[in-house]
Amino acid sequence: MRASRLMSALTGLLLFFAFEPLLAQTYAWRTLSGAPSNGQKQDDIYFLNPRLGWAVNGSGQISRTTNGGTSWQRQLTQSGTYFRCIGFQDSLRGFAGNIGPNYFPGVTDTNPLYRTDDGGATWAPVTTISGPAPTGLCALQVVSPQVLVAAGRVGSPAHFLRSTDGGANWTSRELPDTLIQMITDVHFVSADTGYVFGGTSANIQVSRGAVLRTTDGGQTWVSVFNSTHRFEMVWKATFPSRRAGYLTLLSYAPNAPERFLARSQDGGRSWTELPFVNNGNKAFGIGFATDSVGWIGTDTGTGYQTVDAGQTWRSVALGRYINKVRILRDQATGRAIGGYAIGLNLAKLTVTPTAPTGLPAVAPAPAANPFRLSVAPNPATRQLTLHYRLSRRQRVTLLLTDATGRTLATILTDAVRPAGDHTEAYTLPATLSNNVVWFTLRAEEGRDSTAVSVQP
């Protein structure tokens, strides 16, 4: 039995490592001296691209950078508002969530959501929310330019908001309090399928970490995870790929220094608890660059890094009260190219490709001769073209999947193609409107995937 469990654990790790990039990467965090600060934990940061980003905090402040965090400009300071989350559809249109009154002292603003149409220069309350009025928000995600979701809040009540028209109108739903009573994070893998994270009770003494899943845009929810310890709630979650997910379990258990996280290997459908630290540190923000390399911020000045999918952790200088970790990714490959961790201060992640130890350096393929699968146009509506190049005659398979890895269509199956450039025309089913889908190319010389945002 013991050997069987060991083999199962090793198999799980091999599944994680099997899909890591061929080239290794080094990661380095540094604190940004000119970053926004309000003397306490700051809550969220969002980058539209490596240069343009926004940060928010509980002092009602919104700041913007146009040079990758080197310098910041204050765009708004609003007394009585606690900005908890932020997201942008493009360089002009964005939304910010307010946690609302009766949780933190001094917060009097009852408007849960704000929007801007001029890049953050001006902000106005969103008044087009139908359904039960949310008290406040803790999480916001731009799933696509048309589909946005938001949820909250810590301390209850638990509301979920969704817009399918680019944020012009929102629908609010109160989630069943038998499943979840406070929400701290949200993550959708498509327009209709996603998760909310939080706690089973507004009373932290009896609360356990909770994850709910929906496949119909938030109309109905099912529980997919409850943590095994009281005094807990899920704080933040991260999905470095379509199959891998991680979450932090924030614990307030007295006289119990053990801390835990949870990991999913099936895109969020199920979760397994893993030990984190045994020193009483409270786990807050979490971010993973790959399926196996990631970081957790705590209430102390010590952050933690794993390189083995959460099995072991070592301390790293990340900063205190890191509430949110955002990883920036190359839109074509999905690989991490940088990141930010916001808390008491702001830290920036630099990613540098290196050759793995013991292996010869691998030169990247020439730009004119890529194996990489490309899709145009992207975003797309119905008609698109897939392009790839083969170095020799071989069999290829082309698949269309959703963000969880479920196959939606098989475009090619073991089709023999000669060496050279190839294009495949494809018409997306109308049912995939307002979704993010993946095209995957499998050939004898390699494999590549690319995400496509499907517009209405």
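Counting from 1, the numbers follow the sequence of the chain as shown. Quantities reported herein were computed from a predicted structural model and do not represent experimental measurements.
- A donor-acceptor contact shorter than 3.5 Å is absent between the side chain of R259 and the backbone of A283.
- Taken from CH2 in W438 to OG in S190, the straight-line distance is 13.5 Å, to the nearest 0.5 Å.
- The distance from atom CD1 of I62 to atom CH2 of W72, rounded to the nearest 0.5 Å, is 12.0 Å.
- Shown here are the ring pair (Phe, Tyr, Trp, His ring centres under 6.0 Å) partners of F197, two or more places apart in sequence or in another chain: there are none.
- Across A210 and T200, no two heavy atoms sit closer than the pair CB-CG2, 3.8 Å.
- Among all heavy-atom pairs drawn from L328 and P50, the shortest one is CD1-CA, 4.0 Å.
- A donor-acceptor pair under 3.5 Å links the side-chain atoms of T397 to the main chain of D414, judged by distance alone.
- Within the 4.5 Å cutoff, side-chain heavy atoms of D192 are placed close to those of R162.
- L212 approaches S223 most closely through the heavy-atom pair CD2-CA, 3.6 Å.
- With sequence neighbours excluded, no residue satisfies salt bridge (Lys or Arg N to Asp or Glu O under 4.0 Å) with D330.
- Rounding to the nearest 0.5 angstrom, the gap separating the OG1 atom in T298 from the OH atom in Y304 is 5.5 Å.
- No side-chain donor-acceptor contact under 3.5 Å links N169 and T171.
- Residues satisfying the side chain to side chain donor-acceptor pair (under 3.5 Å) test with T302, not counting sequence neighbours, are none.
- Using a 30° and 60° split on the angle between ring planes, F276 and W313 fall in the perpendicular class, above 60°.
- Contact of the L384 side chain with the P377 side chain is registered, since non-hydrogen atoms from C-beta on lie closer than 4.5 Å.
- Evaluation of the ring pair (Phe, Tyr, Trp, His ring centres under 6.0 Å) rule for Y27 yields W295 as partners, not counting sequence neighbours.
- Without hydrogens or angle criteria, S227 side chain to G209 main chain gives a donor-acceptor distance under 3.5 Å.
- Here the CD atom belonging to Q89 is positioned 4.5 Å from the CG atom belonging to L148, to the nearest 0.5 angstrom.
- Within the model, atoms CD1 of I411 and CD of E424 stand 8.0 Å from one another, a figure rounded to the nearest 0.5 Å.
- R208 places no side-chain N or O within donor-acceptor distance of the main-chain N or O of N226, the cut-off being under 3.5 Å.
- At a threshold of 4.0 Å, the pair D308-R314 does not count as salt-bridged, since none of the basic side-chain nitrogens sits closer than that to a carboxylate oxygen.
- With hydrogens and angles ignored, the 3.5 Å screen pairs a side-chain donor or acceptor of S172 with a backbone N or O of P132.
- Under a cut-off of 6.0 angstrom, the local environment of CZ in R393 is sparse, with at most 12 non-hydrogen atoms contributed by other residues, nucleotides or ligands.
- Residue A151 comes nearest to V196 through the heavy atom pair CB-CG1, 4.3 Å, listed as atom of the first residue, atom of the second, then distance.
- The heavy-atom pair separating T215 from T193 by the smallest distance is CA-OG1, 3.8 Å.
- Nearest heavy atom pair, residue V234 against residue T184, reads O-OG1, 2.5 Å.
- The shortest distance between side-chain heavy atoms of S270 and V224 does not fall below 4.5 Å.
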Practice item. Test side chain to side chain donor-acceptor pair (under 3.5 Å) on D44 and W54 and set out the steps. Key: CA-CA 8 Å; D44 200 5; W54 292 263; over 6 Å; no
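- Checked by atom type and distance alone, the side chain of T248 pairs as donor or acceptor with a backbone atom of F284 at under 3.5 Å.
- Side chain of R153 to backbone of N98: no donor-acceptor contact under 3.5 angstrom is found.
- For the atom pair OG1 (T66) and CG (L48), the distance works out to 12.5 Å, reported to the nearest 0.5 Å.
- With hydrogens and angles ignored, the 3.5 Å screen pairs a side-chain donor or acceptor of Q141 with a backbone N or O of F188.
- R51 places no side-chain N or O within 3.5 Å of a backbone atom of G68 that could act as its donor or acceptor partner.
- Between the side chain of R115 and the main chain of V126, no donor-acceptor pair closer than 3.5 Å is present.
- Partners of R392 under the salt bridge (Lys or Arg N to Asp or Glu O under 4.0 Å) rule, at least two apart in sequence or in another chain, are E444.
- At least one side-chain heavy atom of D185 sits less than 4.5 Å from a side-chain heavy atom of K324.
- For Y46, there are no ring pair (Phe, Tyr, Trp, His ring centres under 6.0 Å) partners at least two apart in sequence or on another chain.
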